[in-house]
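Heads up, the thing below is written out as structure tokens.
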Amino acid sequence: MSKNTDELFKNVIAHAKEYGFVFPSSEIYDGLSAVYDYGQYGAELKNNLKTYWWKAMVQMNENIVGIDSAIFMHPKIWKASGHVDGFSDPMIDNKDSKKRYRADQLLEDKIARYDKDGKTDKAEALQTAMDEALKNEDLPRLKELIIEHEIACPVSGTRNWTDVRQFNLMFSTQMGAVADDADVVYLRPETAQGIFVNYLNVQKSGRMKIPFGIAQIGKAFRNEVIARQFIIRMREFEQMEMQFFVRPGTEMEWYKKWKETRLQWHLALGTDAAKYRYHDHVKLAHYANAAVDIEFDFPFGFKEVEGIHSRTDFDLSQHQQFSGKKMQYFDPEIDPATDKPYGNYIPYVIETSIGLDRMFLLTMMNAYEEEDLSTDEKQDSRTVLRLHPCLAPVKAAIFPLIKKDGLPEKARAIMDKLKLDFNLQYEEKDAIGKRYRRQDAIGTPFCITVDHQTLEDNTVTIRHRDSMQQERVAADDLDKIIGALVSWKNLLR
RNA sequence: GCGGAAAUAGCUCAGCUGGUAGAGCAUCAGUUUCCCAAACUGAAGGCCGCGGGUUCGAAUCCCGUUUUCCGCUCCA
């Protein structure tokens, strides 16, 4: 990370806090690690990002509908999805090499070596002891076994181990009054499963025909071992996901289509295309047969913002098996190869999943600029958030040029009419230039100034954030003018 | 989780070798009436992250702890 970009990242974080976009959670109690709150402007910006996504995905596609599923779900769902087993591993660190290992794998390696050396009885004894310990989740016993069998770190060669710890990335809590094992529920680690378990409900009640999609925006929780880099990796975060159900065999064309469509969504905001890249997964997750990340060039390098995954029929098949409910779809369309309907099958799934908090940070990074406005006579600069007008928290600010001669009253009257349509701010404190700069700092795209001429002919000036240029317009036309400039049409077309 | 660095007003920071806290900006009230910040007057704002120790005395030295940043590690 170069000094400049490092500086930029720090400045954006400081700006986000100072101007009410993002605060550390529970700050008066020293904060809570890797948890953040959105402030008065952050909440607006985040809502606008959600609206943009929802409109683009749900409203603009006849065959995609949106749902809002609960965070708590039946515990069996996480067994079916593979999260219960796959998300928790007994880990142990070597204090000298600082390397971390899965305790069970270290023991497995040792067993293999015993077998190779012909010490089969030792191998069997260790295997039995390890299975027993794993079954009982007896972590101290696992460490004992590692010590007893003199297992050394392959890197440092020492046996200086930490305790064995369980890293379960799912948060859990109890449901009901009695704390019993059977009542453990998890906070969902992804929103996708809420869509899969409602697939039948939506398909039937919405009379959806394949191909169709189900979209959802919601919170997810992961007990990350290390969560860092501001809101890039948080323990509580928000996802915007869409699962698209297709006929098996057609998944690759849909995968390609969504890969392109999703990048377009990002670029429509006016971001430099060079800031984005695709990153194809070489090593695929157990459920996927193709996966790509859309990455953004953050100050600390390219980072995943969105993933497009071809999840095959893994999830629906798993739920069919675990729930005993048939997840199949009857496809009446005629297969040209057989002249018969395609018939019953479990649909394949293409998933698009974007991290809303990362998208938020990306948007801030992109918009933030410290602009040098110096002339020969005078040094000058401003900090401006060049947010797309659709995303800006405050659409326009209204100022009386001065605080007397009836200008404040006139400005208030204009504001009262416009606030029916837009989120506005009124300010009369300080010099007009200072008020412009304050609005620049929170990304307000337009400032409307009421001056003495307004009292005569009912015209005002609109000052544009990016160009700092002003134009004089009729006050009665403001709703139309601003409405056109902040319309979602500009992004969705 | 390991190693390194940091934490003082809303923000950016100063405060030397221990003597109970300061600036600029921001904020608020007033003055000024100006179309692109930093004009004038006044006010408010701090258990110097938290806990303990050394000391007559700690923002300052020592230990612990929390949080943040950087590197390693992890990230289905």
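Just so you know, these numbers use all the heavy atoms, side chains as well, and skip hydrogens, waters and symmetry mates. What you are looking at is a predicted structure, and each value in this text was computed from that prediction instead of being measured. The chains referred to below are lettered A, B, ... by the order of the sequence lines, with proteins before strands, and numbering in each begins at 1.
Each of rC69(B), rC28(B), rU33(B) was ranked by its minimum atom distance to the side chain of Lys429(A); first place goes to rC28(B). Here rA37(B) is the nucleotide among rU33(B), rC35(B), rA37(B) with the atom lying nearest to any side-chain atom of Arg437(A). Of the candidates rC35(B), rU12(B), rA37(B), the closest approach to any side-chain atom of Leu401(A) belongs to rC35(B).
With C1' as the reference atom, rC47(B) and rC25(B) are 26 Å apart, rounded to whole Å. When the P atom is used for both rU33(B) and rA38(B), the distance is 16 Å, rounded to whole Å. Rounded to whole Å, the P atom of rC11(B) lies 16 Å from the corresponding atom of rC69(B). One P atom belongs to rA58(B), the other to rG19(B), and the distance between them is 11 Å to the nearest Å. With C1' as the reference atom, rA7(B) and rG64(B) are 16 Å apart, rounded to whole Å. When the C1' atom is compared between rG4(B) and rC16(B), the two are found 25 Å apart, to the nearest whole Å. Nucleotides rA59(B) and rC40(B) place their C1' atoms 35 Å apart, quoted to the nearest Å. Comparing the C1' positions of rG3(B) and rU12(B) gives an interatomic distance of 29 Å, to the nearest angstrom.
Neither OP1 nor OP2 of rA39(B) sits under 4.0 Å from any side-chain N or O of Lys434(A). Residue Arg438(A) places at least one side-chain N or O closer than 4.0 Å to OP1 or OP2 of rU27(B).
Computed from coordinates, the Tyr436(A) OH to rC36(B) P distance equals 8 Å when rounded to whole Å. Distance, Glu427(A) CD to rC35(B) C1': 15 Å, rounded to whole Å. Rounded to whole Å, the distance from CZ on Arg235(A) to P on rU67(B) is 9 Å. Between the NZ atom of Lys404(A) and the P atom of rC34(B) there is a distance of 8 Å, rounded to whole Å. When the C1' atom of rC35(B) is taken as reference, atom NE2 of His452(A) falls 12 Å away, rounded to whole Å. If you measure from atom NZ of Lys17(A) to atom P of rU67(B), you get 16 Å, rounded to the nearest angstrom. One atom, NE2 of His15(A), and another, P of rA26(B), lie 15 Å apart when rounded to the nearest Å. Distance CD (Glu428(A)) to P (rC34(B)): 17 Å, rounded to an integer number of Å.
Within the 4.0 angstrom heavy-atom criterion, base atoms lie near Asp451(A). Ile432(A) comes within contact range of the sugar-phosphate backbone alone, with a heavy-atom separation under 4.0 Å but no base atom that close.
Within the 3.5 Å criterion, the main-chain N or O of Met327(A) finds a donor-acceptor partner in the side chain of Gln320(A).
Of the residues Glu241(A), Glu190(A), Glu236(A), the one that meets the salt bridge (Lys or Arg N to Asp or Glu O under 4.0 Å) test with Lys219(A) is Glu236(A).
Using bins of under 30°, 30° to 60° and over 60° for the plane-to-plane angle, the ring pair Phe399(A)/Tyr436(A) lands in the tilted bin. The aromatic rings of Phe196(A) and Phe245(A) stand perpendicular to each other, their planes meeting at an angle above 60°, with 30° marking the opposite boundary.
Summarising the base pairing, rG3(B) is matched to rC70(B) through a Watson-Crick or G-U wobble pair whose two defining distances lie under 3.5 Å. Across every strand in view, rU31(B) sits in a pair with rA39(B) that passes the Watson-Crick or G-U test at under 3.5 angstrom. Nucleotide rA14(B): unpaired (no Watson-Crick or G-U wobble partner with both distances less than 3.5 Å). If you check rC50(B) for Watson-Crick or wobble pairing at under 3.5 angstrom, you find it paired to rG64(B). Base-pair partner of rG19(B): rC56(B) (Watson-Crick or G-U wobble, both distances under 3.5 Å).
Here the closest heavy-atom approach between residue His309(A) and residue Ala291(A) is recorded as CD2-CB, 3.5 Å.
For a distance-only test at 3.5 Å, the side chain of Arg463(A) fails to qualify as a donor-acceptor partner of the base of rC35(B).
With the nearest nucleotide of RNA chain B identified for both His309(A) and Ile13(A), Ile13(A) has the one nearer the 5' end. Nearest-nucleotide assignment on RNA chain B puts the 5′-proximal partner with Thr461(A), out of Val35(A) and Thr461(A).
A salt bridge is absent between Glu427(A) and Arg435(A); no separation between the charged side-chain nitrogens and carboxylate oxygens falls under 4.0 Å.
Note: Asp440(A) CG to Arg437(A) CZ = 7.0 Å, rounded to the nearest 0.5 Å.
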